[in-house]
Each structure stands twice: as C-alpha cells, then as structure tokens.
Amino acid sequence: MSAETPFALLANATSLPWADIPEWPAAELVRTTAKELDRGARLCAWFGVPEGGAVRLVALLAYDADNTLAVGRSTPCTGGYPALTVTHTQAHMFEREVWEQHGLTPEGHPWLKPVRRTDGLAPANGEFFRVEGPEVHEVAVGPVHAGIIEPGHFRFQCAGEEVLHLEIALGYQHRGVETALAGGPHRATMSQMETVSGDTTIAHATAHATVLEALAGGEAPLRAQWLRAIALELERLANHTGDLGALANDVAFLPTSAACGKIRGDFLNLTAMLCGNRFGRGLVRPGGCRQELDEARARTLLERLIVALADTEQAATWLWDAASVRGRFENVGTVFPAQATEIGLVGLAARACGLVRDVRYDHPAGWHRFAQVPVVVWPGGDVFARARVRSLEIQRSGDFLREQLAGPVEGELHADPGAPAPETLAVALVEGWRGEVCHVALTDAAGRFRRYKIVDPSFHNWTGLALALRGTAISDFPICNKSFNLSYCGFDL
Amino acid sequence: MFVLDTLIHRLKRGCETMPYPQGPAPALPDRHGGALRVDAARCADGCQACIPVCPTQAIARKPGGPVALDLGRCLFCAECIEACPTQAITQTGDHRMAVRRREDLLLGAPGQEELRLAVALDGKLRKLFGRSLRLRQVSAGGCNACEADTNVLGTIGWDLGRFGIQFVASPRHADGLLITGPVTKGMELALRKTWEAVPAPKLVIAVGACAISGGPFVDHAEANNGAEGIVPVDLFIPGCPPHPLTILDGLLRLLDRLENSDKAV
C-alpha cells in the first residue's frame with residue numbers, strides 16, 4: 001500500500017534531504033494527505049516551515065502496518081488553504097497550531113481558536129463552546145487545581161450530573177520550547193528536551209538525541225541504544241505504577257494506592273541508580289549515554305527490580321480482585337475505537353481502545369530493532385481498559401528488563417555523533433509511557449535547526465479525554481482524567 | 001480475597017515510614033552527588049573550562065576574579081565537575097540545600113564555598129506554622145518532575161502528614177504557596193491571584209531551578225526567571241528536581257523541626 005504513496009518514504013530515526021521531499025500547492029497537499037489518511041495512514045505531525053514571507057506546510061504520516069513513515073510538503077503559501085480538519089478530525093489541533101504559529105488560516109476549520117498562545121498574563125483561551133438551555137449549567141475548573149498537578153482549564157457543559165460537553169483550554173505552561181530551538185542546538189537545548197514533559201524525560205531526550213544522530217547520518221553505539229531502552233522501560237514502570245495507585249486512590253481503594261505510591265518511588269530510584277537523577281536527567285546525550293551500567297550495578301538493579309515488580313504485581317492483584325474497583329472502572333469514560341481512530345489517539349489510550357499502536361512494534365528504531373516488547377491491547381476504551389493496559393504493560397516491561405539486564409551489549413557507550421547535515425529533515429518517534437513522542441528537525445544551510453517540531457502524545461490525546469467525558473457524570477472526571485494522565489507542559493511546550 | 005491479603009501484607013511489612021528525622025536520613029542515590037562546593041582558590045589562572053559546559057549559564061568568571069556558581073540555576077548535571085581540571089568544583093554528597101535568601105545559593109567568593117543553609121522561622125511565625133502548615137501548590141510552568149517529587153512526600157514512605165504539613169485544595173485554607181516552574185507568562189495572573197487569596201501571614205516556597213531562576217528556560221520571553229519577581233519568596237530549594245529528601249529537609253528546617261537531627265551549622 002505505502003509503495004504507491006506519492007509522499008517520500010523514510011524509516012523512523014532516519015533523515016532525508018529537504019529537497020527530496022515532494023511538494024504540492026497547499027490545497028493539493030491537503031487533498032493528497034486526505035487520500036493517504038483514508039487509506040489507513042495516520043497523521044504524526046502537521047506543521048509549518050517559514051520561508052521568506054510565506055510558509056510551507058509539512059505533513060508527516062505513519063503507515064503503521066507497513067512500518068514506514070512518509071513526508072510531503074507544500075509550496076510556500078500565504079493567507080489560507082482549505083482545512084484538512086473538515087474531512088479528517090485528527091488534524092484539528094495541528095491546524096489550529098499552524099494558524100497560531102504562522103497566521104495561515106485553515107479555511108473551513110470548525111473550531112479555530114488559540115492552542116497555547118499567551119495574551120497578557122494568561123493564555124488566549126478564546127470563546128468556549130456553550131450548550132444553551134434552561135437546565136444546562138457550566139462548570140469551570142482550573143487553571144490551579146486542588147492537588148499537586150500542572151495547570152489547565154476545564155470547561156464543562158452539564159445537564160444535572162451529566163457532562164454534555166467538555167472543552168479543555170491549555171497554554172498555561174507555555175515556556176517557548178520550540179521557539180528556543182531555532183538556530184540550535186544550544187547549550188540549554190538538551191536540558192530543555194529533558195523537561196519538555198518531566199515525567200517523560202527519557203523518551204523526549206532519546207527522540208532528540210536520535211534526531212541529531214540521524215541528521216548526521218548515523219546512530220549511537222548499540223550499547224547506548226540498549227541502555228536507553230532500559231531507561232525507557234524504567235520510566236514506563238514508574239509512571240504506570242504511579243497511575244495505578246492514583247486510579248485506586250480516586251475510587252477510595254487505599255491498599256493499592258498506598259502500595260503503588262511507594263513502589264513508584266522504588267522504580268524512580270532504579271533510574272537514579274543509572275544516572276543519579278530519579279527522572280533520568282543527564283543520562284541520554286547525542287551520540288550515546290553518559291553513565292556506564294557496569295556489571296555489579298546491573299546486578300543490583302536487577303535484584304531491586306525483581307522485588308519492586310513483585311510488589312507491584314501484588315498491589316495490582318488486590319485492585320483487580322476487588323469488585324468495587326471493577327464496578328467503578330467499567331463503562332466509565334469510554335472512547336469508542338472508531339472515535340480513537342478518527343481523532344488519532346496514540347499510546348496506551350489507543351491500545352485501550354483495541355488499536356494496535358506502539359512505536360516500539362510499528363516503527364522499531366534503536367534497540368527495539370533487536371529486542372521486542374509484545375504490544376498490550378485491551379478492548380473497551382473505558383477507564384478499566386486504560387488501567388488494565390497499564391497493568392499488563394508493567395508485566396511486559398518487567399519481562400523485557402529482566403531479559404535485557406541478563407544479556408548486556410558490549411561496546412562503547414558514546415561516540416561523537418558528527419555534525420548535522422545541512423538542509424536535511426530527520427524524524428524520531430519514541431514510544432514514551434503515554435504514547436508516541438515525535439521529534440522532527442529541519443536544518444538550514446549551516447546544519448543548525450531551521451525548524452524543530454515536537455509532538456508529545458498528549459497533543460493527540462487531550463481530545464480523547466474530552467470525548468471520554470461525554471455522557472459521563474461530572475463526578476467521574478477525576479478517574480477519567482487520571483486514566484489518561486496527560487501532560488500539560490508536553491502539550492504547551 | 002484482597003481483604004485478607006492486604007491485612008496479612010500489612011502485618012508482614014509493618015510500618016513503612018522512614019525513621020528520619022529521628023533516625024538517619026535515607027541515602028541519596030550514589031550518583032546523585034548532593035550539593036556542590038566551589039573552591040575558587042583552586043581555579044587555574046584564566047581557566048574557563050566549566051563555563052561553556054553549563055546548560056543554564058550558572059557559572060561565570062570575571063577576568064582576574066574567582067569563579068562564581070549560582071546553585072539556584074544549577075541542574076546538578078555535573079558537567080562542570082567533569083570539565084574542571086583542578087577539582088575546584090566538587091560534590092559534597094549533602095542533601096541539605098534549602099536557603100532563605102537567594103544570595104545564599106551563590107558560591108565561589110572567599111568564605112562562601114558552600115551554600116548557607118536556611119535558618120528557621122522565628123517568633124510568631126514559628127509559633128503559627130511550626131506544628132501545622134497548610135500549603136497550596138502552584139505549578140507555573142513546572143515540567144511535572146518537581147511536582148512529582150513533592151507529591152511523593154505524601155506517600156507512606158515519607159508521610160509528610162506526621163509533621164503537620166499538608167497540601168490543601170484552596171488558597172483560602174492555606175498558610176502559603178509552594179511554587180514550581182519558572183512562572184510562565186500564562187500562569188502569572190493565576191499565581192498572583194492565588195497568592196492574594198492566601199490569608200496573611202503567608203509563606204512562599206520556591207522548589208526547583210525553574211522556580212528559583214528560570215532553570216533551563218532562563219531568559220525566555222514566554223516565562224519569568226522564577227517566582228521571586230512575582231511574589232516574595234521565603235525558602236529556596238534548588239535541584240532539577242530536588243530530591244524528595246532535600247524538599248523535606250527544607251520544609252522541616254524552615255519550621256525548626258530538625259531538633260534531633262542535622263541543624264544548620
């Protein structure tokens with residue numbers, strides 16, 4: 001199927017010359033992209049590249065079944081173009097972003113409003129969608145929330161307890177990450193990549209390092225790729241375990257909540273064993289990794305991992321054994337598979353709708369070309385499914401780590417990645433614990449970043465949370481929100 | 001039968017809360033390294049090796065002057081330690097890093113090789129907050145790491161509640177704010193409003209490099225360089241993120257709750 005695509009094909013973690021990417025007038029790019037999406041492709045990224053006074057649109061597609069990516073672009077364009085969103089909902093946030101960043105109007109876009117732009121001392125939220133009627137009331141939550149979490153604003157339209165519509169307004173966390181990357185990489189770039197979304201440090205750092213390595217036409221030494229894969233699964237274990245605990249807490253099931261809160265810390269401490277930082281900061285660098293995992297350390301890591309995994313298994317068993325928990329999780333916050341496909345859901349939220357979507361499997365790069373993790377899929381699309389996928393992924397990641405730590409890869413941990421090629425586009429996808437982390441870099445004539453696009457999985461998935469709330473009682477918002485546990489700063493950039 | 005299982009589990013495990021601060025503090029990860037120390041006298045003449053490797057430009061050296069390191073900007077990546085040819089910058093292994101004044105995080109001048117640990121609240125404030133402190137947390141551009149390692153203090157291992165410290169759901173119920181993130185422009189209004197909603201007298205605690213100085217986002221147009229320019233800050237806890245032990249130490253130090261443990265020297 002993908003062989004017939006008019007787009008330029010490329011594999012994950014590779015690059016191609018900017019000039020080799022086919023170009024069409026914007027309207028034609030929209031039509032061509034729509035055709036490919038109809039044939040089963042998925043929109044990974046849709047962004048603008050300024051050129052002179054105009055903007056080129058770039059479409060990055062994934063053909064998951066064919067394990068390949070494809071890229072196309074428009075000729076420089078000004079003013080507007082016919083919106084892709086009209087026929088393909090998965091483009092709706094991307095087109096709002098292009099409009100916000102470059103002033104290019106997607107004509108016919110049904111809900112064109114700011115994504116994250118700041119207006120004065122708060123985000124430019126624009127008008128919220130309103131349901132009218134004498135029985136309808138509106139509930140506004142945030143930006144500052146009741147717990148220790150990031151800020152965002154939720155606007156519910158309710159009839160009694162039932163949520164008719166939820167609109168999520170973000171942008172409070174906007175730190176100017178993409179803007180700062182222009183002309184880079186700079187001194188602070190690696191640290192900024194590690195904090196794009198702080199609980200996803202390894203995935204974003206790996207994506208960034210991989211993009212730089214691909215721009216130079218190479219890859220990191222295998223031992224570094226192996227170590228990155230280990231750190232990535234440790235990150236998944238910590239977050240999934242924390243989420244299971246948080247979900248248990250939200251339905252007042254305290255044994256699992258208490259246990260998982262502690263075990264999550266145990267997993268973070270395993271990452272700290274690798275590099276000193278509980279979130280893995282300072283471990284991944286372009287060209288490899290910074291800290292060695294020697295044999296004695298790997299052995300201790302494995303021993304402590306086995307204990308933590310056994311503790312997690314026990315805490316998860318209590319959760320799944322309790323009818324009261326199942327009763328609260330089942331048929332709450334359902335996203336249907338057709339909706340998931342339509343809005344381009346990624347990661348564990350997509351897999352909980354029965355979709356087989358996992359970068360480690362669909363677009364293996366780095367160490368995942370040599371060592372596979374089975375994809376966990378669960379039908380249902382509800383809170384139960386999202387919790388269940390986490391629980392099963394904890395087991396799969398645990399098995400993967402046991403296997404990998406038993407068979408370390410020999411060799412160097414770091415090699416000079418070389419200079420990025422000029423006027424080249426590189427793509428790296430990494431399956432972070434929430435889902436697909438996508439970094440795209442385009443270099444200028446000097447090999448510096450001309451444009452750098454980051455797509456955190458949350459960018460795709462916030463819409464999933466909004467849909468999950470439709471027809472749900474507003475009192476179920478906390479468990480629905482936890483079941484996605486999306487990143488605010490990863491979205492706001 | 002999870003009921004029986006959980007009961008047996010509890011009996012077997014016993015109390016999982018750490019003995020600290022009555023007992024010894026838990027060890028930092030061995031590669032963490034703790035706070036930094038700067039012995040500027042060891043710097044070779046004209047040496048600038050540490051300056052370009054620092055991601056946040058936390059290190060500066062005026063011609064002929066001593067090297068100056070701002071621990072408020074520091075991400076503790078240890079690149080400067082690796083780059084230093086004369087061991088002028090070293091790790092102390094000490095988890096205690098909270099200070100009361102921003103300038104107490106500046107290292108390098110003679111007699112200021114290490115940070116100057118926070119002193120406790122005095123008089124009325126200590127009487128008010130010493131045994132009961134309610135905080136509202138505001139993430140203002142935080143990446144969720146400082147938030148996560150603050151949150152972890154509520155788990156059974158740390159059990160922040162035993163010190164009378166609690167995070168509350170409304171600024172009206174709070175005695176102060178715990179701020180993370182560089183304070184993005186998008187959160188500036190919300191932070192100001194939250195601060196105003198906390199009844200006086202109130203405390204502000206800035207956690208992490210971002211909240212102290214902007215951290216990796218220092219001088220970005222979309223954010224401020226930390227909380228200090230927006231609201232008055234009473235306690236600075238450096239790190240990226242600070243280890244939970246460092247945050248706990250800061251809170252207890254401020255409330256003078258470390259009587260049996262390691263006080264400021």
Side-chain angles (χ1 to χ4, degrees), chain A residues 116 118 120-123 143-151 171-177 179-180 187-192 194-199 201 242 245 255 258-259 261-262 264-265 268-269 272-279 281-282 291 314 317-319 321-322 487-490 492, chain B residues 1-2 5-6 9 16 29-33 52-57 75-78 136-152 154-157 167 169-171 181-182 184-190 192 194 210 215-218 220-223 240-241 243-244:
Chain A
R116 59 173 81 87
T118 307
L121 299 179
V144 186
H145 299 301
I148 307 180
I149 61 169
E150 297 176 66
Y172 297 91
Q173 299 278 71
H174 181 46
R175 299 161 294 175
V177 173
T179 315
R187 271 160 65 172
T189 295
M190 199 63 224
S191 304
Q192 291 180 358
E194 290 179 327
T195 47
V196 165
S197 175
D199 49 31
T201 295
K262 178 182 176 295
R264 175 176 169 282
L268 291 176
N269 286 337
M273 267 188 79
L274 295 180
C275 65
N277 185 292
R278 282 157 54 93
F279 296 84
R281 289 173 191 175
Q291 289 96 348
Q314 183 160 46
T317 305
W318 301 332
L319 187 75
D321 274 357
S487 173
Y488 298 75
C489 58
D492 288 343
Chain B
M1 265 306 282
F2 72 84
D5 274 0
T6 52
H9 180 265
E16 294 197 65
D30 66 328
R31 285 180 169 171
H32 182 288
V53 300
C54 178
T56 56
Q57 303 179 40
L75 307 181
F76 297 83
C77 65
R136 170 79 155 167
Q137 203 274 326
V138 181
S139 169
C143 73
N144 205 22
C146 285
E147 290 80 353
D149 267 353
T150 303
N151 234 335
V152 88
T155 61
I156 52 174
F167 288 94
S170 165
T184 48
K185 297 287 180 199
M187 269 306 282
E188 190 174 329
L189 179 65
R192 285 181 191 277
T194 308
C210 287
F217 306 98
V218 63
H220 276 207
E222 296 83 354
C240 185
H243 193 274

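Reminder, nothing fancy here: chain letters follow the sequence lines and each chain counts from 1.
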A.B. asks: Out of Pro123(A), Ala259(A), Gly120(A), Pro151(A), return the one with the most heavy atom pairs under 4.5 angstrom to chain B.
C.D. replies: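 Highest number of pairs under 4.5 Å: Pro151(A).
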A.B. asks: For the atom pair CG (Leu121(A)) and CD (Glu188(B)), what is the distance rounded to the nearest 0.5 Å?
C.D. replies: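 Atom-to-atom, Leu121(A):CG and Glu188(B):CD are 4.5 Å apart.
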A.B. asks: CZ/Arg175(A) to NZ/Lys185(B) distance, rounded to the nearest 0.5 angstrom?
C.D. replies: 15.5 Å
A.B. asks: Can you see which heavy atom on Phe279(A) is nearest to which on Ala148(B), and at what distance?
C.D. replies: CZ-CB, 3.8 Å
A.B. asks: With a 4.5 Å cut-off on heavy-atom pairs, point out which of Val218(B), Asp149(B), Leu189(B) contacts chain A the most.
C.D. replies: Asp149(B)
A.B. asks: Measure distances from Ala140(B) to the heavy atoms of chain A and classify the residue's part below 4.5 Å as side chain, backbone, both or neither.
C.D. replies: backbone
A.B. asks: At their closest point, which heavy atom of Ala272(A) faces which heavy atom of Arg31(B), and how far apart are they?
C.D. replies: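 Taking Ala272(A) first and Arg31(B) second, the nearest heavy atoms are O-CB, 4.5 Å.
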A.B. asks: Are the side chain of Gln173(A) and the backbone N or O of Cys143(B) linked by a donor-acceptor pair below 3.5 Å?
C.D. replies: no
A.B. asks: Whether the side chain of Thr155(B) engages the backbone of Lys262(A) through a donor-acceptor N/O pair (distance < 3.5 Å, no angle test) should be reported.
C.D. replies: no
A.B. asks: Pick one of side chain, backbone, both or neither for Arg116(A), based on which atoms fall under 4.5 Å of a heavy atom in chain B.
C.D. replies: neither
A.B. asks: Heavy atoms only: give me the nearest His174(A)-Thr184(B) pair and the separation to one decimal.
C.D. replies: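 Looking at all heavy atoms of both residues, the closest pair is O-CG2, 3.3 Å.
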A.B. asks: Measuring heavy-atom distances to chain A, does Asp30(B) have an atom under 4.5 Å in its side chain, in its backbone, in both, or in neither?
C.D. replies: side chain
A.B. asks: Sort out for me which of Val177(A), Asp199(A), Leu319(A), Val196(A) touches chain B most, counting heavy-atom pairs under 4.5 Å.
C.D. replies: Asp199(A)
A.B. asks: Thr317(A) versus chain B, heavy atoms under 4.5 Å apart: side chain, backbone, both or neither?
C.D. replies: neither
A.B. asks: Looking at every non-hydrogen atom in both residues, tell me the closest pair between Gly176(A) and Glu222(B) and how far apart they are.
C.D. replies: CA-CD, 3.5 Å
A.B. asks: Given heavy-atom pairs under 4.5 angstrom as the criterion, report whether the side chain, backbone, both or neither of Cys240(B) touches chain A.
C.D. replies: both
A.B. asks: Between His9(B), His32(B), Arg192(B), which residue shows the highest count of heavy-atom pairs closer than 4.5 Å to chain A?
C.D. replies: His9(B)
A.B. asks: Between atom CE of Met190(A) and atom CG of Leu75(B), what is the distance when rounded to the nearest 0.5 Å?
C.D. replies: 12.0 Å
A.B. asks: Checking Pro143(A) against chain B: side chain, backbone, both or neither under 4.5 Å from a heavy atom?
C.D. replies: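 For Pro143(A), the side chain is the part near chain B, not the backbone.
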A.B. asks: May I ask you to name which of Cys54(B), Gly181(B), Pro182(B) has the most heavy-atom pairs under 4.5 Å with chain A?
C.D. replies: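 Sorted descending by pairs with chain A, the first entry is Cys54(B).
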A.B. asks: Against chain A, work out which of Gly157(B), Ala145(B), Pro29(B) has the most heavy-atom pairs shorter than 4.5 Å and name it.
C.D. replies: Ala145(B)
A.B. asks: Using side-chain contact (heavy atoms from CB on, under 4.5 Å), reason through Asn144(B) and Tyr488(A) one step at a time and then give a plain yes or no.
C.D. replies: CA-CA 9 Å; Asn144(B) 205 22; Tyr488(A) 298 75; over 6 Å; no
A.B. asks: What's the shortest heavy-atom distance between Pro216(B) and Thr195(A), and which atoms?
C.D. replies: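 Looking at all heavy atoms of both residues, the closest pair is CG-OG1, 4.2 Å.
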A.B. asks: Of all of Ala322(A), Pro255(A), Gly171(A), which one pairs up most often with chain B through heavy atoms under 4.5 Å apart?
C.D. replies: Ala322(A)
A.B. asks: Can you name the closest pair of heavy atoms from Met187(B) and Tyr172(A) and give their distance?
C.D. replies: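 Taking Met187(B) first and Tyr172(A) second, the nearest heavy atoms are CG-O, 3.4 Å.
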A.B. asks: I need the residue from Glu150(A), Gln192(A), Arg187(A) with the largest number of non-hydrogen atom pairs under 4.5 Å to chain B.
C.D. replies: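 Ranked by heavy-atom pairs under 4.5 Å with chain B, first place is Arg187(A).
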A.B. asks: Looking only at heavy atoms and a cut-off of under 4.5 Å, which of Gly282(A), Ser197(A), Gly261(A), Ala122(A) has the most pairs with chain B?
C.D. replies: Ala122(A)
A.B. asks: Relative to chain A, which segment of Pro244(B) carries a heavy atom at a distance below 4.5 Å: side chain, backbone, both, or neither?
C.D. replies: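 Answer is side chain: those atoms of Pro244(B) sit under 4.5 Å from chain A.
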A.B. asks: Checking Leu268(A) against chain B: side chain, backbone, both or neither under 4.5 Å from a heavy atom?
C.D. replies: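 When you check distances to chain B, only side chain atoms of Leu268(A) fall under 4.5 Å.
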A.B. asks: So for Asn277(A), is it side chain, backbone, both, or neither that comes closer than 4.5 Å to the heavy atoms of chain B?
C.D. replies: side chain
A.B. asks: With a 4.5 angstrom heavy-atom cut-off, which part of Ser139(B) approaches chain A: side chain, backbone, both or neither?
C.D. replies: both
A.B. asks: Is it the backbone or the side chain of Thr56(B) that comes under 4.5 Å from a heavy atom of chain A, or both, or neither?
C.D. replies: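 When you check distances to chain A, no heavy atom of Thr56(B) falls under 4.5 Å.
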A.B. asks: In terms of heavy-atom proximity below 4.5 Å to chain B, should Gln314(A) be classed as side chain, backbone, both, or neither?
C.D. replies: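 For Gln314(A), side-chain heavy atoms alone lie under 4.5 Å from chain B.
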A.B. asks: With a 3.5 Å distance limit and no angle check, can you tell me whether Glu147(B) reaches the backbone of Ile149(A) through a side-chain donor-acceptor pair?
C.D. replies: no
